[in-house]
Amino acid sequence: MLKIMHRLMNNTGKYKGRIRASYITAFLKDLMMKAPLMLCFFCISLFMQGQMDKTKCVFLGAAVLASVILQAVFEHLSNVLQSAAGYMVFADMRLRLGDHLRKLPMGYFTEGNMGKISSVLATDMVFIEENCMGVLSELVTFIISQGIMTVMMFVMDIRLGLLSLLIVAAFVIVGNLMLKVSTDHSVIKQEAGESLTEEVLDFAEGIGIIKSYNMLGNRSKRLTDEFELSCKKSIDFEVAYGPWTRALYLTFGAGTALVLALCAYLFNTGRISDIYMVGMALFLFDMFVSIRNYYGQMARLTVTNACLDRIEEVFAAEELKDEGRNTFADTASTGPDAAEIVYDNVSFAYTDKDVLKNVSFEVKRGEMAALVGPSGGGKSTIASLLARFWDVKSGRILVEGEDIRNVSLGSLMDHISMVFQRVYLFQDTVYNNIAIGRPDAAREEVEEATKKARCYDFIMQLPEGFDTVIGEGGASLSGGEKQRISIARCILKDSSIVILDEATASVDADNERAIQEAISELCKDKTLLVIAHRLKTIKDADRIFVVSEDEITERGDHDTLCKQNGMYSHMVLLQA
């Protein structure tokens with residue numbers, strides 16, 4: 001328990017001082033809660049000794065009132081210091097997580113980790129900030145209070161002190177057994193929650209395919225099974241934890257009864273006075289409340305421990321290094337015919353699976369290079385490595401003569417624009433979605449970019465024009481409209497290199513012409529790296545690279561490759 005509390009405190013960062021200050025206010029609040037009982041004891045002892053008078057009665061009454069008021073004050077201070085700090089701790093942690101996630105390689109987001117990320121943000125962090133941050137000071141207070149109560153027993157009578165110490169030891173034994181059971185089941189419970197989150201996300205994202213293939217029954221059963229599994233693991237947790245909760249309360253009851261029996265014996269044998277016996281009667285049922293309540297928070301803390309494991313696992317994912325300090329040479333210094341992109345013996349692997357082996361090629365400034373080949377051959381990986389979505393396993397990639405690992409990611413991305421088949425637009429205005437390309441651009445520049453991208457006319461027909469808020473992911477627009485807005489972004493950005501995953505591959509004929517015109521505007525005087533699906537669109541490419549089985553198997557222009565009677569010529573015949 002103490003280790004979990006210490007671990008939780010280590011995650012509070014700059015708010016650690018506030019939370020520690022709340023220990024004092026929480027302890028004073030607990031003291032004020034016990035004050036009426038102490039005052040009651042003084043009152044009864046004064047009556048029993050015949051020393052009570054009007055002045056003392058008024059004084060004791062005022063003291064009781066003051067203790068109640070102070071209890072409320074210290075409770076408020078404790079909540080202000082601790083509970084609010086808990087929300088601020090996790091507000092900062094979410095920001096840190098967001099910053100961490102943006103620095104991770106794209107591979108992290110394709111390894112089934114989306115459910116983990118969603119679960120950490122929506123479940124684990126919420127659980128801790130709502131259930132644990134507000135009780136840290138109380139847990140510390142429970143420990144201190146129990147220590148004080150045990151010392152008091154030694155002061156009254158060494159035998160009472162020894163018995164109290166034995167009962168506290170019994171609580172510790174039961175608590176440690178509870179901790180083991182609760183820890184094991186907490187991990188299983190949280191993992192089941194993560195699995196459920198992944199299944200819910202998968203079901204929601206694939207609902208269109210599920211319906212179109214009449215698979216609702218099958219997929220719904222999988223989702224239902226995940227709900228039932230999560231429910232079962234939660235119930236298993238309670239079933240395993242329940243007997244130890246009963247054992248905790250039985251220890252409390254038995255310990256209280258034993259202390260009462262010993263007190264009665266000592267009183268009957270004249271070893272403690274009647275006043276002390278009355279005091280014991282008043283404090284007896286509060287004697288082991290602190291340690292009982294301390295271990296009563298066991299389930300909450302062990303779930304917190306499992307949550308922290310999962311949070312730290314996400315934070316432990318290795319970030320893509322961004323230590324480059326070099327700058328790109330300008331065009332004048334490198335010459336107009338210099339190679340703008342160079343792949344030098346590049347190899348890459350996803351975990352243990354090789355995807356590229358010793359890939360080498362170059363693209364001169366202003367040229368169009370096309371990557372073609374069968375699905376899974378490595379075309380998209382080659383393009384993604386240029387944008388440093390991942391880092392190469394060996395070899396190097398040069399842009400304008402600089403190894404892209406030696407320049408900052410920000411500088412690299414300023415040089416690259418990307419247009420992919422699958423476009424994502426944010427739930428924001430059309431204007432803001434385009435201005436992402438260059439946030440400091442004037443409105444006239446944004447509008448000019450939309451005209452070049454052939455999307456100005458349909459934007460002006462929207463209810464609020466450029467200020468129309470579009471649905472998340474661009475749901476309120478057609479595929480062709482979204483594609484043209486993404487091209488407008490890139491035109492506005494005006495980068496020297498354009499990575500193009502053939503944008504017309506999955507659009508209708510009406511949109512294809514407009515998108516081709518928009519792409520032509522985008523690509524003027526740019527260096528292009530095109531992932532080609534329709535070979536007719538790359539006939540005029542300066543360089544064509546056939547990517548198959550993790551390497552480049554053919555290279556040349558269209559006419560040269562057609563004469564070689566290889567894979568490229570075969571692909572051309574199939575699409576003719």
Side-chain angles (χ1 to χ4, degrees), residues 1-2 4-5 8-9 12-47 52-92 126-153 248-249 252 256 278-301 304:
M1 287 273 287
L2 289 173
I4 299 173
M5 291 167 60
L8 192 54
M9 276 297 296
T12 56
K14 62 184 179 182
Y15 302 103
K16 190 176 294 185
R18 283 185 58 162
I19 295 174
R20 283 178 174 164
S22 72
Y23 295 169
I24 300 171
T25 56
F27 175 70
L28 292 173
K29 179 199 76 172
D30 191 63
L31 201 60
M32 290 303 102
M33 288 177 66
K34 290 180 170 60
L37 273 178
M38 296 169 66
L39 293 168
C40 183
F41 170 69
F42 291 138
C43 182
I44 292 172
S45 66
L46 288 171
F47 271 114
M52 179 60 76
D53 57 32
K54 182 179 179 180
T55 302
K56 292 175 182 175
C57 190
V58 171
F59 175 79
L60 288 170
V64 170
L65 178 61
S67 68
V68 172
I69 294 171
L70 287 172
Q71 178 187 336
V73 170
F74 290 132
E75 170 115 29
H76 173 71
L77 291 173
S78 183
N79 288 337
V80 168
L81 288 169
Q82 179 178 248
S83 298
Y87 287 103
M88 288 186 282
V89 165
F90 280 91
D92 287 354
V126 173
F127 179 87
I128 297 174
E129 70 181 348
E130 290 185 352
N131 291 279
C132 289
M133 296 307 298
V135 299
L136 266 179
S137 61
E138 290 184 9
L139 291 170
V140 173
T141 300
F142 292 153
I143 296 170
I144 297 171
S145 296
Q146 189 58 57
I148 292 172
M149 296 297 284
T150 305
V151 170
M152 282 178 58
M153 290 297 99
L248 190 69
Y249 278 86
F252 173 77
T256 303
V278 170
M280 283 302 304
L282 286 172
F283 286 99
L284 182 62
F285 292 100
D286 201 38
M287 186 74 60
F288 303 109
V289 165
S290 294
I291 194 166
R292 185 198 67 186
N293 290 343
Y294 174 74
Y295 283 111
Q297 299 292 336
M298 180 74 69
R300 188 179 294 188
L301 283 180
T304 292

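Keep in mind the model is a prediction, meaning the values are calculated, not measured.
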**OP:** Drop me the distance from M287's CE to L282's CG, to the nearest 0.5 angstrom.
**Re:** 11.0 Å
Original post:
Under the side-chain contact (heavy atoms from CB on, under 4.5 Å) test, which residues partner F47, sequence neighbours left out?
Top reply: C43, M52
Subject >> Heavy-atom closest contact (M5 atom, L301 atom, distance) >> reply: CG-CD1, 4.1 Å
Original post:
Of all heavy-atom pairs between I19 and A85, which one has the smallest distance, and what is that distance?
Top reply: CG1-CB, 4.1 Å
**OP:** Kindly write out the residues that satisfy side-chain contact (heavy atoms from CB on, under 4.5 Å) with L70, not counting sequence neighbours, or none if the list is empty.
**Re:** M32, F74
**OP:** Could you note down all residue pairs passing side-chain hydrogen bond (donor to acceptor under 3.5 Å, both in side chains) where residues 19-47 supplies at least one of them, sequence neighbours left out?
**Re:** D30-K34, D30-S145
Subject >> D92 to K14 - nearest heavy-atom pair and separation >> reply: OD2-CE, 3.3 Å
Original post:
Any idea which heavy atoms bring Y87 and E129 closest together, and the distance?
Top reply: CD2-OE1, 3.5 Å
Original post:
Does any pair with a residue in residues 54-63 pass side-chain hydrogen bond (donor to acceptor under 3.5 Å, both in side chains), and if so which ones, sequence neighbours excluded?
Top reply: none
Original post:
Which atoms form the tightest heavy-atom contact between L139 and Q297, and what is the distance?
Top reply: CD2-CG, 3.6 Å
**OP:** Please collect all salt bridge (charged side-chain N to carboxylate O under 4.0 Å, His left out) contacts where either partner lies in residues 141-150, sequence neighbours excluded, each pair once.
**Re:** none
**OP:** State the CD1-CD1 distance between I24 and I144, to the nearest 0.5 angstrom.
**Re:** 9.0 Å
Original post:
Taking C-beta and beyond as the side chain, do L77 and L28 meet within less than 4.5 Å on heavy atoms?
Top reply: no
**OP:** May I have the step-by-step check of side chain to side chain contact (heavy atoms under 4.5 Å, CB included) for T12 and M9, ending in yes or no?
**Re:** CA-CA 5 Å; T12 56; M9 276 297 296; 4.2 Å; yes
Original post:
When you look at T256 and F252, which way does the side chain to side chain contact (heavy atoms under 4.5 Å, CB included) test go after all the steps?
Top reply: CA-CA 6 Å; T256 303; F252 173 77; 4.0 Å; yes
**OP:** Rounded to the nearest 0.5 Å, what's the gap from CZ on F142 to CZ on R292? Could you check?
**Re:** 9.5 Å
**OP:** Scan residues 59-72 for pairs that pass side-chain hydrogen bond (donor to acceptor under 3.5 Å, both in side chains), counting only residues two or more places apart or in two chains.
**Re:** none
**OP:** Report the distance from atom CG of L39 to atom CG of L65, rounding to the nearest 0.5 Å.
**Re:** 11.5 Å
Original post:
Would you say the side chain of L46 lies within less than 4.5 Å of the side chain of L60, judging by non-hydrogen atoms?
Top reply: yes
Original post:
What pair of heavy atoms forms the shortest contact from G296 to L248, and how long is it?
Top reply: N-CD2, 3.9 Å
**OP:** Apply side chain to side chain contact (heavy atoms under 4.5 Å, CB included) to L37 and F41, showing your working.
**Re:** CA-CA 6 Å; L37 273 178; F41 170 69; over 6 Å; no
Original post:
Which distance, rounded to the nearest 0.5 Å, do you find between the OH of Y15 and the CZ of F90?
Top reply: 12.0 Å
Original post:
Do other residues, nucleotides or ligands put more than 12 heavy atoms under 6.0 Å from the CZ atom of F42?
Top reply: no
Original post:
Would the number of heavy atoms belonging to other residues, nucleotides or ligands and lying under 6.0 Å from CE of M38 be above 12?
Top reply: no
Original post:
How long is the gap from OG1 on T150 to CZ on F288, to the nearest 0.5 Å?
Top reply: 6.5 Å
Original post:
Is atom CE of M33 surrounded by more than 12 heavy atoms (other residues, nucleotides or ligands) closer than 6.0 Å?
Top reply: no
